[in-house]
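Note sheet for the following structure.
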Amino acid sequence: MSTVTFENIFHGDGPDLGKLRFNAAGFGWKTYSSEDAPTTYSGHDVRHATWFRVARNFQLRLAMRQAEKPRITFDGFKRDDHDKVKRTLDEFFNIKLETRDSSLKGWNWGKAQVQGNDITFQVQGKTTFEIPLSTVANSNIAGKNEVALEFNPAPPFQADPKDLSKRVPDELVEMRFYVPGKSMKSKGSDAGSDGEETDLDEDGNEISAADALHNLIKDKADIGAVVGDSIVVFEDILVLTPRGRFSLEFYPDSLRLLGKSTDYRVPFTSIHRIFLLPKLDDLHIQLVLGLDPPIRQGATRYPFLVAQWPKDEEVDAELNLSDEEIAKYPDLQRKYEAPTFQVISRVLKSLTGKKVTPPGSFRNAQGLNGIKANVKAVQGELYFLEKGLIFIAKQPILIDFSKTESISFSRVGGGIASARTFDMRVVSKTEVADHVFTAISKEEVTPISAFLKQKNVKLLNEMEENNVMDIDEPLSDEDEEMESIASEDDEDSGKRKKADKNKGKKVKAPVNNDDDDDESDDEDFQSESSDGGSPSESDSDEDDEGAASDASDPMMEELQRKQAKRANKKKADGSGSDTEKPKAKKAKKGD
């Protein structure tokens, strides 16, 4: 038997089918879909062979002596191929094929272990699934007893809509293990039932089982590590999104954020935008990194990373690079002695090759680079850049002018607060939902309008001039109300003059502007006796010529009662002197 061939075999996790061929010197696999040379391996490098059931029928797993490829897998074997594979390995390489049973119970509780280069999950001693440590991008403690694993994204895949076998595959991006209890370690081989004791850290504190698994995965998977040492490290950096304090470690091809309980590795290829923006307090500087794909923490995605430094904070940094290595990067220096935000932004710019975007030419009413605004209930800072807008908050929002249909100004409500603020709605060409920024100060309308017109952005102003309150003249409505009160006072003067002729009636007489003495007396009367409610009542009933104000009725009745009393007295005395009229007004004023 010189050559043994197996058809329709998958190599590793790839989607392509191919042909696997064995001979005495080694074995090789070649795909059906291309004319590339086959991938070959030496038979002397095979240390161990395992056969077990997987999703794509049966798998042959070969443990290799090569450090760069410690394990090789081939999927797609049929059950009847077992004996043929077993004879082939024994005859060509003198390797015994081990058959391993898988757990098919479907339980989601068992035992998670790190075995070699894999994380294995076992139920009753049988393997349910395995995860290669090389696919683990990050491990975090999510909650008290949970270990959250994040996986590296798959390489770009060229989908073919006509071939269903080449459609974009689904990806597993996260998995969580609930690991309750404390970490235990063995006391020794001679221990009996008490052969385990609680594992302690360097400070003598107990280690939880979740922390122990998390630390083991980080060590074995070498999360965040890259080839070579770090170039430079900045300690205790305040990161606003995701919030926490991290050490920023720069490597030749990635940035590592190392926190107390979290660890992120950001490849430079995933950084597509860099912004350097001053906060509106004029005391801090913010560095914003746009990430694609975003970093994840649990179910939360962070497409932006926001760090902050005091404006006057300085740092001395020396890069761990040789002169030849520094020469490969433009504008990179060996030593820096400058404000922290300048040093970090310059290092990022050189290592990533991305442009650092500064604030645009926009200035608000106070001369600052941005304005305060709200998105729903979240308050943040809105910056007008040369090519778009960016809203800095817990979850930043980036809007390009090239993808903007229009921007409109509007004001909701009629209160004083809404009169001093307005809303700005950004209608996108590509997104269904609009972005609405609220609670923007009214004094920012002019600088925003001038800036957007320079950028040729379609601008709509939906605020009606007659509905906008003029803050410089806040008493105009009250002046009109006072005029209404004065006119009603004149009406009451006419009523009192005809009180003798219309006893028991409520008559609204025309204003008499010829009697100057009566006008002055009526004003004195109104200032002491009016309760302020008559203007509104009179205005509401101005079409009813025969009705008087409700607030004036008691006084009119008192006036009629006194006039009737004086009339009866005149009849009894037989005199009708006009000198009694001023006394009547004085008495009414006293009442």
Side-chain angles (χ1 to χ4, degrees), residues 6 9-15 20 45-67 69-86 88-90 93 95-139 145-152 154 169-181 183-186 196 209-210 212-223:
F6 296 91
I9 302 298
F10 297 96
H11 184 202
D13 298 328
L20 178 62
D45 294 332
V46 180
R47 295 191 299 109
H48 185 73
T50 307
W51 173 276
F52 60 98
R53 186 74 166 86
V54 293
R56 298 188 294 193
N57 290 329
F58 287 85
Q59 181 184 92
L60 173 63
R61 178 178 299 178
L62 302 176
M64 310 295 288
R65 292 185 173 89
Q66 298 175 343
K69 285 192 175 181
R71 186 178 70 183
I72 301 172
T73 59
F74 297 98
D75 297 354
F77 290 96
K78 299 178 182 178
R79 186 183 298 273
D80 297 338
D81 293 333
H82 175 269
D83 293 339
K84 184 178 179 181
V85 172
K86 183 178 180 180
T88 300
L89 295 176
D90 188 14
F93 314 131
I95 296 294
K96 302 299 181 182
L97 181 63
E98 177 188 355
T99 301
R100 183 185 301 178
D101 294 332
S102 299
S103 175
L104 304 178
K105 290 182 175 294
W107 292 1
N108 66 337
W109 65 94
K111 188 174 184 180
Q113 295 178 320
V114 177
Q115 296 181 352
N117 297 313
D118 300 317
I119 302 172
T120 63
F121 185 79
Q122 297 181 344
V123 174
Q124 295 182 341
K126 295 182 179 180
T127 300
T128 301
F129 62 84
E130 296 177 328
I131 303 172
L133 287 171
S134 58
T135 64
V136 179
N138 196 18
S139 174
N145 298 312
E146 287 190 0
V147 180
L149 300 183
E150 298 176 18
F151 301 104
N152 292 314
D170 295 330
E171 294 183 42
L172 179 65
V173 295
E174 185 186 57
M175 180 181 292
R176 292 196 180 194
F177 293 100
Y178 175 72
V179 191
S183 175
M184 309 297 291
K185 65 179 182 179
S186 176
E196 291 185 343
L213 179 61
H214 164 69
N215 294 330
L216 183 60
I217 292 174
K218 287 184 64 175
D219 293 341
K220 294 289 186 179
D222 207 11
I223 295 173

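What you are looking at is a predicted structure, and each value in this text was computed from that prediction instead of being measured. Worth knowing before you read on, the calculation uses all heavy atoms, side chains too, and leaves out hydrogens, waters and symmetry mates.
Take Asp118 and apply the side chain to side chain donor-acceptor pair (under 3.5 Å) test, not counting sequence neighbours, and it matches Arg71. The salt bridge (charged side-chain N to carboxylate O under 4.0 Å, His left out) test applied to Arg56 returns Asp75, not counting sequence neighbours. For Phe10, there are no ring pair (Phe, Tyr, Trp, His ring centres under 6.0 Å) partners, not counting sequence neighbours. For Thr73, there are no side chain to side chain donor-acceptor pair (under 3.5 Å) partners two or more places apart in sequence or in a different chain. When the salt bridge (charged side-chain N to carboxylate O under 4.0 Å, His left out) test is applied to Glu146, the partners found at least two apart in sequence or on another chain are Arg176. Here Phe151 pairs with nothing under the ring pair (Phe, Tyr, Trp, His ring centres under 6.0 Å) rule; sequence neighbours left out. Listed by chain and number, the residues in a salt bridge (charged side-chain N to carboxylate O under 4.0 Å, His left out) with Arg47 amount to none (sequence neighbours excluded). A search for side chain to side chain donor-acceptor pair (under 3.5 Å) contacts involving Asp45 returns Gln66, not counting sequence neighbours. A search for side chain to side chain contact (heavy atoms under 4.5 Å, CB included) contacts involving Ile72 returns His11, Tyr41, Met64, Phe74, not counting sequence neighbours. For Phe58, the ring pair (Phe, Tyr, Trp, His ring centres under 6.0 Å) partners two or more places apart in sequence, or in a different chain, are Trp51. Listed by chain and number, the residues in a salt bridge (charged side-chain N to carboxylate O under 4.0 Å, His left out) with Asp90 are Lys96 (sequence neighbours excluded).
Just one residue in the list Thr88, Ile9, Thr50, Val85 forms a side chain to side chain contact (heavy atoms under 4.5 Å, CB included) with Leu60, and that residue is Val85. For the side-chain hydrogen bond (donor to acceptor under 3.5 Å, both in side chains) criterion with Arg61, the lone passing option out of Glu130, His48, Glu98 is Glu130.
Between Phe93 atom CZ and Leu62 atom CG the span is 8.5 Å, to the nearest 0.5 Å. In this structure, OG in Ser102 is found 12.0 Å from CZ in Phe129, a value given to the nearest 0.5 Å. Atom CG of Asn57 and atom CG of Asp81 lie 9.0 Å apart (nearest 0.5 Å). Distance check: Glu174 CD to Leu172 CG gives 9.0 Å after rounding to the nearest 0.5 Å. One finds the CG atom of Leu213 at 7.5 Å from the CG atom of Leu149 (value rounded to the nearest 0.5 Å).
The two residues Val123 and Gly110 come nearest to each other via the heavy atoms CG2-CA, 4.4 Å. Between Ala209 and Pro180, the shortest heavy-atom distance links the atoms CB-O, 3.6 Å.
Counting only heavy atoms from C-beta outward, the side chains of Met175 and Phe121 never approach each other to under 4.5 Å. Looking at Thr99 and Lys86, their side chains never come closer than 4.5 Å, going by heavy atoms from C-beta outward.
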Checklist line | Derivation and outcome, side chain to side chain contact (heavy atoms under 4.5 Å, CB included), residues Val179 and His214 | finding: CA-CA 10 Å; Val179 191; His214 164 69; over 6 Å; no
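Within the structure, no pair that satisfies the side chain to side chain donor-acceptor pair (under 3.5 Å) test touches residues 120-129, not counting sequence neighbours.
More than 12 heavy atoms of other residues, nucleotides or ligands sit less than 6.0 Å from atom NZ of Lys84.
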